[in-house]
Structure formats: structure tokens, C-alpha cells
Asks: 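So that we are looking at the same thing, I have put the structure below in C-alpha cells.
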Amino acid sequence: MPKVMIQPADYESVREAVDRAFDLFPLDIRGRKVLIKPNVLRISEAKEGVVTHPAVLRAVVDKVETLAPASLVVGDNPGLLNYGANEESFAKTGLMEAAKGYYQNIGTDSLKVGFNPDFMPFVSVSRIVMEADIIISLPKFKTHGLTVMTGAIKNSYGILPGAQKAMLHKAAGSPGRFHEMVVDVFRLRVPDLFLVDAVVGMEGNGPASAELRDIGLILASDNAVAVDAVIATMMGCDPSRLRFLQKARELGLGDFDIKRIEIVGELAKIPDFKLPPLGGEAVIDNDTIQALIHGRTVLRPQADPDLCTGCGTCIDQCPVSALAMGEPLPVVNPDSCITCFCCQEMCPEKAMMLK
């Protein structure tokens, strides 16, 4: 039976909740390569509540340090508004400082992996995600206009660098198919532990809503389906109505039936919690958001002739071999490019533009 911890906490005392989570869900970390992945949606301030709070990340980093990993990396790939702005997103949110020197721009090195051909035959995944021995995921307790809520499963969408996330949005076409596609991304590399920042949560039309709620909890589990079922229940949403949880259960990733989940703590519905429409209308019917997604899908790299030295770094780093040396600048095959932004991130001269 899967287990979910529900532990009272604030940002000053969050280490106590983190310690308890590691007691309930012990990890063999000594001598192993560890990735800690917070939710870094976009450039913002911690008080806006759109990213995992720096205090939570700091507490987890401190705890992992005591367990003597061989190496530790902290990283994420931001969402729609800040594709390619990994370092700036971490710096402005306070997560760079909280990472204590373990931050790594995981958008600069990726691997091509097979994917569900109903959406895309392959995707580019940050290399550290596929090579880490242990992944600790730090979701934020938030709503989402397309998936209703964003928690443990949705947090793994950030393993994909750059605008290929927008391409998958567009390929999905409907909220139901997007739910299913998110699960396909999640199972490329299922994290080993989930600690959810529910000290301050978000309601309304997330994942960047201004409507915040003081909840005062840290949730933890080693099963994403179980912890997402708990989040949904707390929000007042029947987990069985969420297609991504249905899909996850069909694939054997866990069970969303609250009666089949061991709750360590007190599970209570949050009074009058505001949910977005369950059909995904908040995103699908929003012309501004759809135009932004489309705009990201048509971006392609182009070398600035005044800056490019023809060093070939962008060609070497492209995970799908979409770049080749032309005369005299690198050129892109637009049909092969998945706009993962690796070329832009890695260019030593900052010569790669996206147009």
C-alpha cells in the first residue's frame, strides 16, 4: 500500500518535515549521483508562490548533504515564458542561493530518447535526469488550467529542455490527450522521492495565479500517483476525474483510490478551494495562451553572423543532429529541430538566436 506523509510546517521549520520524510521514505544515497528537481516555472519572486520555495530546496539540500552522495545536482528547465532562461530563473527566485553551489544548468546537455509516436517519436531529455541514481522531485501545491492541478507527475514535465514542451502541448491538441502525454513524459524516468511544498499553495487559474492559500503543510511520498491523489482530494477534486491519474493507474504507476493509500498525518479538504474548469477550458479556450504556445513551436535557431565564429559547438551539442555547418554559418534543418534550446544555451559566443 502506498504511503503519503502530511506534515505541518512553515518555511522556518521546514527541515523538521524534511527529516521526517526521509525517515518514512529512506533512500540509499551514500556514494550515488543525486538530482534534486524543484518546480521552477518562470522568473519570479519566492513570495509569488509559483515556484518551489527556496526554504524547501535549502532544507532538502542540507539533508542530502548529510547522507554523503557521490555528487549532487540541483536543476530544472523552466516553462513557457522562460524557455532557455534556466540560470536567470533560479537566480531571481532565490533558488540559486538555496542550491548552495550545487546548481547546474541542466538545459545545456541532453539525450535523445524514444517517446510516444502519437505525439513525437522522440524527445530530448536533460542528460542528468537519465544518468542520476536518485531523483528527488520538489513539486509545488498548485492548480493548473489544463490539468486542474500540478503536483508530482506534472513536475516531471521540466525534464524536457526548451520549447519542445510547447511542441508537445500543440501535438496533444486536447486536454485529455495532454493529460496522457504528461504521464508519458513522467515515466521516462520516475523520481524516487517527492516532497511537495504545500506551505503556501495556489488556487484559481494556476500555475501562475495570484490567488495564494496558506496551507502550512509538507507532503511526501515515494509514489507520485498517491501524493497527487492526496493533493486533488485536499483541493476538493475527485482524483478519479483526472485523466492523468487514470492513465497513470492504467500503466501500473500507482493507485489514486484514497482508501488504498496509507495517510501519515491528517487528510482534510481545504474549505472553498478554487479550482479551474475540469475540462481544461482555461488554457484551450484562451487565445493569448494558444498564440504563445504556437509562437514557441515555430522558433528555430539562427546564427548571428556578427558573433558566430563557426566553432561547431552548437552542432556537437544538438541532441537530434538538426544543425550542420553551412557557408560560413551553422544552418538548421527545421523539420528535425525540436527547439530544445541546447544550441543557444551552449554557444560560447551567445551567437545563436531563436527566430
Asks: Above 12 or not: heavy atoms from other molecules or residues under 6.0 Å from CD of Glu266?
Replies: no
Asks: One thing to verify: whether Asp192 and Arg189 come together as a salt bridge, which I'm taking to mean a side-chain N less than 4.0 angstrom from a carboxylate O.
Replies: yes
Asks: Roughly how far, to the nearest 0.5 Å, is CD of Glu87 from CD of Gln104?
Replies: 10.5 Å
Asks: Does one side chain, of Asp316 or Thr313, offer a donor that lies under 3.5 Å from an acceptor on the other?
Replies: no
Asks: Taking atom types as modelled, is there a side-chain donor on Tyr102 or Glu65 under 3.5 Å from an acceptor on the other?
Replies: yes
Asks: Leu307, Leu329: one ILVMFWY side-chain cluster at the under-4.5 Å cut-off?
Replies: no
Asks: Checking Arg213 against Phe273: charged group under 6.0 Å from the ring centre and within 45 degrees of the axis?
Replies: no
Asks: Side-chain heavy atoms nearer than 4.5 Å, only ILVMFWY residues, links allowed to pass through others: does that put Val123 and Val332 together?
Replies: no
Asks: Mark yes or no for whether Thr233, through its side chain, and Ala229, through its backbone, hold a donor-acceptor pair below 3.5 Å.
Replies: yes
Asks: Quick one: CG on Leu95 to CZ on Arg58, what's the gap to the nearest 0.5 Å?
Replies: 12.0 Å
Asks: From the options Val148, Thr147, Leu146, select the one residue that forms a side chain to side chain contact (heavy atoms under 4.5 Å, CB included) with Pro175.
Replies: Leu146
Asks: Would Leu195 and Leu27 show up in the same hydrophobic cluster when neighbours are defined by side-chain heavy atoms closer than 4.5 Å?
Replies: yes
Asks: Salt bridge or not for Lys92 and Glu48, using N-O below 4.0 Å?
Replies: no
Asks: Between Phe178 and His144, how do the two ring planes meet: parallel, tilted or perpendicular, split at 30° and 60°?
Replies: parallel
Asks: How far apart are the closest heavy atoms of Leu41 and Val50, and which atoms are they?
Replies: CB-O, 3.7 Å
Asks: Can you find a side-chain donor-acceptor pair between Asn86 and Asn77 that sits under 3.5 Å?
Replies: yes
Asks: Hey, any chance Phe115 and Val113 share a hydrophobic cluster, counting ILVMFWY side chains that come within less than 4.5 Å of each other, even indirectly?
Replies: yes
Asks: Any chance NZ of Lys100 has more than 12 other-residue heavy atoms, nucleotides or ligands included, within less than 6.0 Å?
Replies: yes
Asks: Are Asn155 and Ser137 linked by a side-chain donor-acceptor pair shorter than 3.5 Å?
Replies: yes
Asks: Just checking, any donor-acceptor pair under 3.5 angstrom between side chains of Asn223 and Ser221?
Replies: no
